[in-house]
Amino acid sequence: MQLVEELTSLLGVSIIITNIRFALSGVAIGAGWQTTVAYMNFGSYFFFGIPLGLFLGFILDMGVKGIWSGMVLGASMQCFLLLMMVSRTNWNDEANIAGDRIIHWGGDILNKDHDEERSKEQFKRPS
């Protein structure tokens, strides 16, 4: 029972960090940076989280709490890296790149004036 009490706060932190990490990963993957996210994931866990967890768990004799702390710190590192990447991105440029790809593959991008006219027609009251 004592171990459960000790690990409860770590569970809460783990849930929060994991949810933020998944949201940021989704943004990055949606932007087309799958390879970068994969390398960040691999590096954060295999070069940082797991060695730190083993060090805390076995060398410092923290046991399960140390191993789990290492994994949470690995996820935190990935979360931090993703946050830096997403926050430094110029999303207007990314939108322009996406628009160029749509046009390149034969799609149509409606201009602003056409969008306004269409939305006015859509919300007209029937006579």
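A pairwise comparison of heavy atoms in S44 and L81 identifies OG-CD1, 4.1 Å as the closest pair. Here the closest heavy-atom approach between residue L82 and residue R21 is recorded as CD1-O, 4.0 Å. Of all heavy-atom pairs spanning V37 and A28, the tightest one is CG2-CB, 3.4 Å.
Under the 4.5 Å side-chain heavy-atom criterion for grouping Ile, Leu, Val, Met, Phe, Trp and Tyr, V86 is connected to I29 within one hydrophobic cluster. Under a hydrophobic clustering in which Ile, Leu, Val, Met, Phe, Trp and Tyr are joined whenever their side-chain heavy atoms come within less than 4.5 Å, directly or via other members, F58 and F46 fall into the same cluster. By the criterion of side-chain heavy atoms lying less than 4.5 angstrom apart, applied directly or through intervening Ile, Leu, Val, Met, Phe, Trp or Tyr residues, V64 is grouped together with L11 in one hydrophobic cluster. Both I15 and V13 sit in one connected hydrophobic cluster of ILVMFWY residues. Membership requires side-chain heavy atoms under 4.5 Å apart, directly or through other members. Follow the hydrophobic side-chain contacts under 4.5 Å out from I16 and you reach L24 in the same cluster.
Taking CE of M71 as the reference point, atom CG of L54 lies at 9.5 Å (rounded to 0.5 Å). Atom-to-atom distance recorded for Q78:CD and L83:CG is 12.0 Å, nearest 0.5 angstrom. To the nearest 0.5 Å, atoms SG (C79) and CD1 (I17) are separated by 5.5 Å. Here the CD1 atom belonging to I50 is positioned 10.5 Å from the CD1 atom belonging to I67, to the nearest 0.5 angstrom. To the nearest 0.5 Å, atoms CD (Q2) and CG (L7) are separated by 10.5 Å. To the nearest 0.5 Å, the span separating CE on M62 from CD on E6 amounts to 9.5 Å.
Counting only distance, with no hydrogens or angles, the side chain of T18 and the backbone of S14 share a donor-acceptor pair below 3.5 Å.
Pairs passing the side chain to side chain donor-acceptor pair (under 3.5 Å) check and including a residue from residues 24-34, sequence neighbours excluded, do not occur. Judged as a side chain to side chain donor-acceptor pair (under 3.5 Å), not a single pair has a partner in residues 62-73 (not counting sequence neighbours). Within the structure, the side chain to side chain donor-acceptor pair (under 3.5 Å) test picks out the following pairs touching residues 91-107 (sequence neighbours left out): N90-D93.
Within a 6.0 Å radius of OH in Y45, other residues, nucleotides and ligands contribute more than 12 heavy atoms.
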